[in-house]
Amino acid sequence: MMIAASLVFIMHLGFACVESGLTQSKNTVNILFKNTLIPCIGLLTYALCGFNLMYPGFADGDSQFWFKFSGFGVTTDAAGVTSAYNVGYTYWTDFLFQAMFAATAATIVSGAVAERVKLSTFMVFSIIFVAVCYPIAGSWKWGNGWLNRLETPFYDFAGSTLVHSVGGWGALAGVLLLGPRLGKYTKDGKIKPILGHSMPLATIGVFLLWLGWFGFNGGSVLSADPALVSLSLVTTCLAAAAGGVAAALASVVFLKKPDLSMALNGILAGLVGITAGADQMGPTTSIYIGAIAGVLVVMAVLFFDKIKLDDPVGAISVHLVCGIWGTLAVGIFGAKAGMPQLMSQLKGIAAYGVFTFVFAFVLFLILKIVMGLRVSPEEESEGLDIGEHGNVAYPNFQSH
């Protein structure tokens, strides 16, 4: 579990590389700063209140099992660190592993609002989103809340919805309120691509995320059970591979050329898609799930561009669209497939969608009124590195 937590931790470096690689060089310091601070904020807020909001100890007799808070801070009772756990899986193990997940949800939002969001506003959003929204949503399933108590319990093994869609809904709210980057869409409605500055960096990031997913899904077994851990890792890898191949082929069909960024997002799409049911699927089924996610992500990127929702890294397409698909897949394929399960999955998707989107939208809206949401057009043109940080990522390669 400690190794799994470390692998999830390294995903933050993966997100930092993907986001900075797929955006313009003039915003690199800004993106790296956000991705540096988010895991720090995530760990601290999860220790302060998040863990006890998400795992409040709902008893079977609790009537109010949609919200409960069991106090500030992380402490154990007098019986010691393994009380209510076991020698192999302590309270501290549980906290650390879950804290790594918490920080991931805010990182997803970061990529979608990149290159035009005010740093101070985004940091305040991240603190509240990770401290309040994510843990309450997580408690509904993983904390034994109401979604875990349905007649057929909602199922989300490692967080296609609880982590990825929650981050995706937050990202969608931010993009809607921010508007597109300058120059992304011309006056006559044409889409003008704003290319990322470093495809090597983006590629490194995707492979780091793939590596981190061994901990994300493998660790979600919550034990060293050889059969379940190994099955989860096999299905995870096959889905990622199928997603990459399917997205690459789809990019040839839709864009007439094999597109690297689509193939990279296809791998991530496959990973997000299998996350809800990695322990419930067979190898062949996981390939289907990953391949469908790979095609979906390409179509979603093109669709969001068409309706002028500017998402520089494709975060909404990867995490929201494929998170929903992966959650539905549990009711369609694998050991839990069936209409009762599918209906429970739909209830969970709807509940998380409404709660998270409304929470994030209202929070962004309040921050927009109080602090302002977007940098000035001059600052955006010059780059957020200079405007927000007085620094540049590549001082020897500036245009003169």
Side-chain angles (χ1 to χ4, degrees), residues 8-42 103-123 125-126 164 167-168 170-171 174-175 178 180-184 193-213 259-269 271-272 297 301 310-319 374-375 379-399:
V8 179
F9 171 76
I10 209 70
M11 291 173 81
H12 291 286
L13 180 57
F15 279 119
C17 291
V18 170
E19 286 176 33
S20 50
L22 290 178
T23 50
Q24 299 164 93
S25 59
K26 63 185 181 181
N27 298 311
T28 304
V29 171
N30 180 258
I31 282 163
L32 294 177
F33 185 90
K34 287 190 290 185
N35 278 278
T36 298
L37 268 255
I38 283 172
C40 301
I41 289 166
T104 310
T107 310
I108 293 164
V109 183
S110 163
V113 299
E115 306 204 279
R116 69 257 199 226
V117 74
K118 266 187 163 182
L119 178 70
S120 54
T121 309
F122 178 76
M123 297 321 290
F125 170 84
S126 295
H164 296 284
V175 169
L178 263 176
R181 291 168 290 174
L182 295 175
K184 173 69 180 175
I194 299 175
L195 297 175
H197 84 281
S198 175
M199 293 314 288
L201 206 54
T203 306
I204 289 167
V206 167
F207 278 93
L208 278 170
L209 286 167
W210 192 343
L211 173 67
W213 239 282
D259 186 290
L260 175 60
S261 66
M262 290 295 193
L264 292 171
N265 268 339
I267 290 170
L268 298 180
L271 288 163
V272 171
V297 80
V301 166
D310 183 18
D311 175 1
V313 303
I316 299 168
S317 304
V318 170
H319 299 281
R374 190 168 177 145
V375 298
E379 205 175 323
E380 189 177 340
S381 298
E382 189 182 28
L384 274 65
D385 289 3
I386 296 287
E388 295 273 27
H389 306 274
N391 196 355
V392 288
Y394 307 104
N396 302 324
F397 297 95
Q398 294 304 300
S399 52

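Keep in mind that what you see is a predicted model, and the values were worked out from it rather than measured.
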Note to self: Just by distance, no angles: are the side chains of His12 and Asn35 close enough, under 3.5 Å, to form a donor-acceptor pair?
What the structure shows: no

Margin query: For Asn30, is there any backbone N or O sitting under 3.5 Å from a side-chain donor or acceptor partner on Asp385?
Written below: yes

Margin query: Side chains of Phe122 and Ile38, heavy atoms from C-beta outward: is any pair under 4.5 Å?
Written below: yes

Next item on the list: Calculate, to the nearest 0.5 Å, the distance between atoms CG and CD belonging to Leu384 and Gln24 respectively.
Entry: 10.0 Å

Next item on the list: Measure the spacing between CG of Leu13 and OG1 of Thr36 and express it to the nearest 0.5 Å.
Entry: 9.5 Å

Next item on the list: Kindly give the heavy-atom pair with the smallest separation between Glu115 and Pro312, and that separation in Å.
Entry: OE1-CB, 4.3 Å

Check: For His319, which of Val109, Val272, Val297 qualifies under side chain to side chain contact (heavy atoms under 4.5 Å, CB included)?
Finding: Val272

Item checked: Option passing side chain to side chain contact (heavy atoms under 4.5 Å, CB included) with Val117 (candidates Met123, Lys34, Arg374) -> Lys34

Margin query: Is there a side-chain contact between His164 and Ile108 in this structure, where contact means two heavy atoms from C-beta onward sitting under 4.5 Å apart?
Written below: yes

Checklist line | Reported CG-to-CG distance for the pair Leu32 and Asn391, which is rounded to 0.5 angstrom | finding: 10.5 Å

Margin query: I want to check something: taking the side chain as every heavy atom from C-beta on, are Asp310 and Arg116 in contact at a cut-off of under 4.5 Å?
Written below: yes

Checklist line | Asp311 CG to Ser317 OG distance, which is reported to the nearest 0.5 Å | finding: 6.0 Å

Notebook entry, point to check: For Ile316 and Ala112, which heavy atoms make the closest approach, and how far apart are they?
Noted result: CG1-CB, 4.4 Å

Next item on the list: Evaluate the side-chain proximity of Asn265 to Met262: yes if any heavy-atom separation is below 4.5 Å, no if none is.
Entry: no

Notebook entry, point to check: Is there a side-chain contact between Thr28 and Thr23, using heavy atoms and a 4.5 Å cut-off?
Noted result: no

Notebook entry, point to check: Does a side-chain heavy-atom distance below 4.5 Å link Met199 with Leu22?
Noted result: yes

Margin query: Assess the residue pair Glu388 and Val29 against the criterion (side-chain contact (heavy atoms from CB on, under 4.5 Å)); give the C-alpha distance rounded to whole Å, side-chain angles, the decisive distance to 0.1 Å, and a yes or no.
Written below: CA-CA 9 Å; Glu388 295 273 27; Val29 171; over 6 Å; no

Margin query: Which label fits His389 and Phe33: parallel for a plane angle under 30°, tilted from 30 to 60°, or perpendicular past 60°?
Written below: tilted

Notebook entry, point to check: Does the Lys26 side chain pair with the main chain of Ser381, one donor and one acceptor, at a distance under 3.5 Å?
Noted result: yes

Checklist line | Among Val18, Ile10, Leu264, the one residue meeting side chain to side chain contact (heavy atoms under 4.5 Å, CB included) with Leu209 | finding: Val18

Check: From Phe15 CZ over to Thr107 OG1, what is the distance, rounded to the nearest 0.5 angstrom?
Finding: 6.0 Å

Margin query: I need the Ser25 OG to Leu195 CG distance, nearest 0.5 Å.
Written below: 11.5 Å

